[in-house]
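Ligands are counted one by one from 1 in listed order, and the atoms in each one are counted from 1 as well.
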Amino acid sequence: MPDISDLSGPWWRTAAIYEVYVRSFADGNGDGVGDLIGLRERLPHLRDLGVDAVWLTPFFRSPMVDGGYDVSDYRDVDPSFGTLADFDAMLAAAHDLGLRVIIDVVPNHTSSAHAWFTQALQDLPGGPARARYHFRPATADGTPPNDWESVFGGPAWTQAPDGEWYLHLFDPAQPDLNWDSADVRVEFEGVLRFWLDRGVDGFRIDVAHGMVKAAGYPAAGLTGQIGLLGRRVLPYFDQDGVHEIHKAWRKILDSYPGQRMAVAEAWASTPQRLAQYTAPDELHQAFNFEFLQADWDDPAAVRASIDSCIHAAEPVGAPTTWVLSNHDVRRHATRLGSLERANAAALLMLALPGSVYLYQGEELGLPEVLDLPAQARQDPVWFRSGGSDPGRDGCRVPLPWQAGAPAFGFSATGESWLPQPPEWAALAADRSSTVELYRAALSLRRSLTGALRWHESAPGVLDFTRDGLRCVVNLSGGPVALPEGPGSEVVLASRPIDGGTLPADTTVWIFARTVSTS
Ligand code: NOJ
């Protein structure tokens, strides 16, 4: 168990951080929505799993148009999740268990129910309350000011009642803040301090690459180029100006004791541009989505993604982060085609240098729920696409804890804001076999240090060593022989293996020397 009173090393460099999607983790008051009391009660599961920290998705006051990523008050807890006192009690309990807590901060946009946006709508065009957002004059032909598109689909502009347009890179209920406004900068520095003073260990910064927009709102079609990874370079993402904000935030984090940290949710056109977010005077980490997006039918591409992420982080000295699932993407047990391959991928990820982010339920082997009824769906992506894109509800279904309990132990009343599939009884935390694999891997992982060194391997096989650990991943589609060597011992396998053969979609950890598992 980590000792959080030990301030001697940067804990986040090698941490295993568990994402809690609060609405779907555990419901303490029986209303079918996960909350902070439910989370506090289930924290021992996370301690026993062996993670170092939890990241909580937004639990602030919100109309919940986008699951809480539409914040109407950054300094209060939404009543559906509890109270500030519940937060404090949960934080204290986590720290008592040796778990650090990082929370989401959502600086790119507020909710349209935020007091600032209400004031902006009441203000006159050009007025000071409008200057905190991106308002543009009404157009003669009634078309939006430019061709920017919302990430959730449709134009990124909506008209206010007086005809002016406001920018929202996501839902119209999420107006983008204007970070050229001193009010905005001062307000967010206060928000960070509010939560740091309460004792949080850090922040996950939502849309950390989006806060600054190109001057003059140039059309995306005109400036768009193809990035090295094939990603568009857009006038509203990854603008150089965001780095000044992150540098200012780093100074605030460093002014607190106890190794407070921040991880950026940032999308950049190249690993090199992404690495800029983790320069020594900027944020501590950035999510590495290249690994998440790798094509697992192409083992060479998986290896290339690992190499490129490690190499891109080297010049800035930041630890690489690894993630396979989160609340925005299809769960990897479904995305990769089978639980066997998903567990092989997890065991590979857990052997890599750097820190890992796990998404709640992956330790149970949960698949994506693909057949949610239309009337249950809540993701704005579903609504804005007119139902053509199912959106992200399928990875947000409340967790099963106990096979025989109402709502599988998620809520004492049996309520659940999204329906749980009956077959999840077999995957509940008290039944799942995958959870033992994660526990063992997270425990052994604590002993791993050192850089990654690849071995020559058969086609479709990834084979590398870190110190005494050899990790062999068979993505070749058929069985392969296990490497042999004196003293080599398979200590962990992503599924049972028999003799000297490694089945397809299986990862093994082989220790050539004794490694402590404490
Ligand atoms: C990224 C978050 O992870 C996602 O859930 C949210 O919809 C968008 N940012 C907008 O805040």
Side-chain angles (χ1 to χ4, degrees), residues 17-25 34 54-72 74 78 81 102-114 117 133-134 148-154 156 158 167-177 179 184 188 191 203-211 213 234 236-238 242 262-268 274 277 283 285-289 292-293 321 323-331 357-361 368 377-385 389-397 417-418:
I17 301 175
Y18 183 101
E19 178 188 353
V20 171
Y21 190 71
V22 182
R23 283 205 294 174
S24 302
F25 188 71
V54 291
W55 148 35
L56 309 188
T57 54
F59 50 81
F60 318 106
R61 271 193 190 265
S62 165
M64 297 290 157
V65 170
D66 184 21
Y69 283 95
D70 48 319
V71 181
S72 56
Y74 290 83
D78 192 81
F81 296 132
I102 67 176
I103 65 170
D104 236 294
V105 60
V106 187
N108 180 68
H109 44 265
T110 67
S111 160
S112 54
H114 191 285
F117 195 68
Y133 294 90
H134 294 276
W148 295 6
E149 285 178 9
S150 153
V151 174
F152 290 163
T158 289
L167 176 68
H168 53 86
L169 292 183
F170 295 89
D171 193 82
Q174 295 166 296
D176 276 51
L177 285 162
W179 277 81
V184 172
F188 272 88
V191 167
F203 300 98
R204 176 264 191 192
I205 303 173
D206 189 57
V207 200
H209 57 309
M211 290 120 94
K213 279 71 183 177
L234 295 164
Y236 43 84
F237 281 148
D238 194 28
V242 293
V263 55
E265 185 227 7
W267 296 80
L274 183 64
Y277 290 80
L283 304 174
Q285 297 184 331
F287 289 130
N288 155 19
F289 294 118
L292 184 154
Q293 293 175 318
T321 62
V323 59
L324 283 167
S325 281
N326 64 32
H327 66 281
D328 288 330
V329 298
R330 192 166 272 214
R331 284 185 176 277
Y357 283 79
L358 306 177
Y359 178 49
Q360 67 180 39
E368 184 84 1
R377 292 192 180 273
Q378 301 204 7
D379 188 350
V381 172
W382 161 260
F383 296 113
R384 278 184 73 80
S385 69
D389 183 335
R392 304 159 294 175
D393 291 316
C395 65
R396 299 173 175 181
V397 172
W417 70 277
L418 286 173

- request: Let me know which of Phe170, Tyr133, Tyr236 forms a ring pair (Phe, Tyr, Trp, His ring centres under 6.0 Å) with His109.
  value: Phe170

message: Under a 3.5 Å threshold, yes or no: a donor from one side chain and an acceptor from the other, between Thr57 and Asp104?
response: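 Thr57 vs Asp104: no donor-acceptor pair found between side chains.
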
Looking at [X] versus [Y], is the centre-to-centre ring distance below 6.0 Å?
X	Y	answer
Trp267	Phe289	yes
Tyr69	His327	yes
Phe287	Tyr357	yes

For [atom], what is the nearest protein heavy atom, given as residue, atom name and distance?
atom	value
atom 8 (C) of ligand 1	Phe170 CE2, 3.8 Å
atom 11 (O) of ligand 1	Asp206 OD2, 2.6 Å
atom 5 (O) of ligand 1	Asp328 OD1, 2.7 Å
atom 7 (O) of ligand 1	Asp66 OD2, 2.6 Å

Find all atoms of ligand 1 within a distance of less than 4.0 Å from any non-hydrogen atom belonging to [X], and give their numbers and elements.
X	answer
Val207	9 (N)
Arg392	4 (C), 5 (O), 6 (C), 7 (O)
Arg396	5 (O)
His109	10 (C), 11 (O)
Glu265	1 (C)

query: Where on Phe152 is there a heavy atom closer than 4.0 Å to ligand 1, on the side chain, on the backbone, on both, or on neither?
result: side chain

field: Glu19, portion touching ligand 1 at heavy-atom distance under 4.0 Å
entry: neither

- prompt: With distance as the sole test, does Asp389 use its side chain to make a donor-acceptor pair with the main-chain N or O of Val381 at under 3.5 Å?
  reply: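 No, the answer is negative, given that no donor and acceptor are paired below the 3.5 Å cut-off.
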
field: Min heavy-atom dist His168 to ligand 1 below 4.0 Å
entry: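 No, that is not the case, since the closest heavy atom of the residue is not under 4.0 Å from the ligand.
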
query: With sequence neighbours left out, what residues match Asp328 under salt bridge (Lys or Arg N to Asp or Glu O under 4.0 Å)?
result: Arg392, Arg396

task: Look at Asp206 together with Arg204 and state whether they make a salt bridge at an N to O cut-off of under 4.0 Å.
output: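 Salt bridge: yes.
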
